[in-house]
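Please read the structure below before turning to the comments.
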Amino acid sequence: MATKYSYAFRPRKQIQRLLIVDACQRLQAIAPLEEYEYIGFGGFEFVDFDLFRRRLGISKMVSWEKNHDPSRYEFNRPFADIKLQFGPASQHLPFLDKATLRIVWLDYTQGLDDEVLQDVSTASARLAPGSLLIVTVNAVPAKPSERRRQQLAESVGEDRIPNGVDNASLARWGLADTQRAILSTTITNTLDGRGDGALFRQVFNFRYADGAQMLTMGGIILTPALIQAFGVCKFEQLAHVSFDERPVIISAPALTAKEALHINRQLPLAETDTLECPGLDSDDMDGYQRFYRWYPPIPAAI
Amino acid sequence: VPSSRDPKRVEATPEKRFFISMLVKDIELIPAILDLVDNSIDGAKRLRQRKRSQRFSGLYVRLDLKPDRFFIEDNCGGIEASHAREYAFRFGRPQNTVQQHAGEVGQFGVGMKRALFKLGSSLWIESVAHHSSFILPVDVDEWAQDLSPDWSFEFQEVDEATDHSTNEQGTKIEVTKLHPSVSTDFQNESFLSRVRAALELRHQEALQAGIELELGDIKLTPIVPLLRSSDQFSPMHIQQDININGGTVHMELFAGIAGEQPVVNVGDDDGEGENFRKPSRAGWYLFCNDRLLLASDQTQLTGWGTAGAAYHPQYRLFRGYVYLTAADSSLLPWNTTKTGVDEDSAVFRRVQSEMFDALRMVQAVINRAKKERQDRDPDDRPVLSAMTAAPSVTLDVVPESDTFVVPADPPRTRRSSTTKKIAYTVDAPIFERVADELGTSSAADVGRLTFRYYVEHEIPDE
């Protein structure tokens, strides 16, 4: 794998954002995108808000900020009409009205724990059918390796851990796989209790690591009446969706501008050819080739 | 045992003694007593079918638990001799039994006999009903020793020719030759106070409707659910019909801030008032056809999490009340002894979902109030002020709302980077005196006011 040359340039996270935004275009089949409200954790950068506004035309936007620092958030928000609400998501989720269509991205930096699961459960209970729920959590397995299962049990409770999970199975992306399964069960169980026949159809199952390993899973809350519209979305046409436990690993390397130019000139690749770039191996090449269309602009200087 | 001469016949007749031991195996003593009181309350409901306030005024149920004698007496309608003969003492209910009255609790047809067998072995049942009266003594030991296939009891007296006015009607049940463990329990103060609490909670609605329920010489009083409610601050209150197996279960849910205790130190983590003498009343209460199945539940069953999200004293103001009613009581999510929740039932899953949702909402309100108390000046605490100002009301006047009504978070101008937080420890006696002088009990307020005093007196104006 290519040696990372910058801490600030994090192409994989941005690729994931762009893949999600691309897929969200398809929600048109369920309802006009202007009807959706976007809720995210903007941070000071609001990158996702910028994309959802400019690429999808979503105008109703709310940012939940855990830290109370209104003036800095207000200064940084890219559009004046982004509503800022302070305090953790658990303060706001229970008060979401049940009628508005939403795209909610709970983009945590922490791992999967009780707090996250409660938020996910509250969101699943309240989001209107046709809404998209996305959850991102840290998926770095515990160290030392003998503590992996124990730490998971401490975070989510022993009874939530699926059968067959042990320290060995939690290695590498194993923790992320288990976290996805727990999230999926939590959402499904909550939807079962709603009484409107609501179902969850997963469309996102990303793994990436710009530094820490991260899991993003997301999907659409449907009722039987919306299943046909969901079919019209044709998410299966997109290369980077996942309807099940098989992950989409975003493996594009961090390149310099010169490397990217060099490789781009070889794309698209004829079947018999292989990409070449000095100092980069075939995994880097494969990763770049899969995701180059979403690869962000490379900063000239950091 | 009379053996049959038919060589193909295999003996499978149950022995009574075995049957009795199986019957009482799965029932605890308190539920057995509650079952008998339930029968009386069901009688009261049949007698006074119109639902109005003080519906049961003039009716009574008296219990007496002594080491050598259990006694229960009511004036709630009695049992007709024909009903006793055909149904009341049968084991199991014949399939062609008449439709029971709406909202009644009894559905398994074993309640009364099972409860009596649990208590002791000498029974005396005396009943005066509208069209009949009877006395039925049962010596259980003698009955069980009789190995004949005859399972019947025999009235000592029965009169089906005389009508009785409602004033005369009632049932008396006496059990003597109590089982040794029962006798021991009936001498135990803490057992008796558990019986009392269970009755006060379980029959709070009947008590509110005027029934006199006495345990020995103690008149029981209902525990009345109260929540804080005003225009600015109002609990969640939803009603829904849940359709299941061709029937309907009606759900009414309330969740909010306790009305029976003052709003002080919201969000404090101390365990004030939470010990065995004064158990916390916080949590969920679930009723099925007016009977309490869960009392102050603070477990995962009702949405309290594991680990970090478990019940915590900072939520001691939380109260949630769920009332499930169904004409067909078999649709309700209770277990076969009617003492707990059937966690796997579809109805309960549905109810659970609403409870979880409501709990998160109230927790968020409590957390906002807590944050205000920690971070804001006393005159800038919209949620806390609204909570404190909201009067305590009974549930029947809480308006319907699928969301908790709280003041919106006003825009803030203060920047956190310009503030500092101070924490320090002082001796309790001097703290009490300072707090008293300042007219507050909150440590945060004491800190803030003493600091302000210093600023006003010692810091020169710029």
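It should be emphasised that the depicted structure is a prediction, and the values quoted were computed from it without experimental measurement. Naming convention: chains lettered A, B, ... in sequence-line order (proteins, then strands); numbering from 1 in each chain. Values reported hereafter were calculated over all heavy atoms of this structure, with side chains retained and with hydrogens, waters and symmetry mates removed.
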Query raised in the report: Roughly how far, to the nearest 0.5 Å, is CZ of A:Arg126 from CZ of B:Arg360?
Result: 12.0 Å
Query - chain B contact via A:Arg72 - side chain, backbone, both or neither, heavy atoms under 4.5 Å - result: neither
Query raised in the report: In Å, rounded to the nearest 0.5 Å, how long is the span from CG of A:Asp159 to CD of B:Gln300?
Result: 5.5 Å
Requested in this report: Kindly check if the number of other-residue, nucleotide or ligand heavy atoms within 6.0 Å of CZ (A:Arg147) is above 12?
Outcome: yes
Query raised in the report: Would you find more than 12 non-hydrogen atoms of other residues, nucleotides or ligands less than 6.0 Å from A:Gln110 atom CD?
Result: yes
Query raised in the report: Between A:Asn189 and chain B, which part of the residue has a heavy atom less than 4.5 Å away: side chain, backbone, both or neither?
Result: both
Query raised in the report: With a 4.5 angstrom heavy-atom cut-off, which part of B:Phe404 approaches chain A: side chain, backbone, both or neither?
Result: both
Report task. Heavy-atom distances under 4.5 Å only: say whether B:Gln240 touches chain A with side chain, backbone, both or neither. Result -> neither
Report task. Output yes when a side-chain donor or acceptor of B:Arg368 lies under 3.5 Å from a complementary backbone atom of A:Gln91, and no otherwise. Result -> no
Query raised in the report: Is a side-chain N or O of B:Arg349 found less than 3.5 angstrom from the main chain of A:Gly193, in a donor-acceptor match?
Result: no
Query raised in the report: Does a sphere of radius 6.0 Å around CZ in A:Phe79 hold more than 12 heavy atoms from other residues, nucleotides or ligands, not counting ones at 6.0 Å or beyond?
Result: yes
Query raised in the report: Atom CD of B:Gln352 and atom CG of A:Asp192: how far apart are they, to the nearest 0.5 Å?
Result: 11.0 Å
Query raised in the report: For B:Asp402, is it the side chain, the backbone, both or neither that has a heavy atom under 4.5 Å from a heavy atom of chain A?
Result: backbone
Query raised in the report: Taking all non-hydrogen atoms of both residues, which atom of A:Pro94 and which atom of B:Met361 are closest, and how far apart?
Result: O-CE, 2.8 Å
Query raised in the report: Hey, is B:Asp357 close enough to A:Lys98 for a salt bridge, meaning N to O under 4.0 Å?
Result: yes
**Report entry** Distance (rounded to the nearest 0.5 Å) between A:Thr122 OG1 and B:Phe356 CZ
**Finding:** 10.0 Å
**Report entry** Heavy-atom proximity to chain A below 4.5 Å, by part of B:Val406
**Finding:** side chain
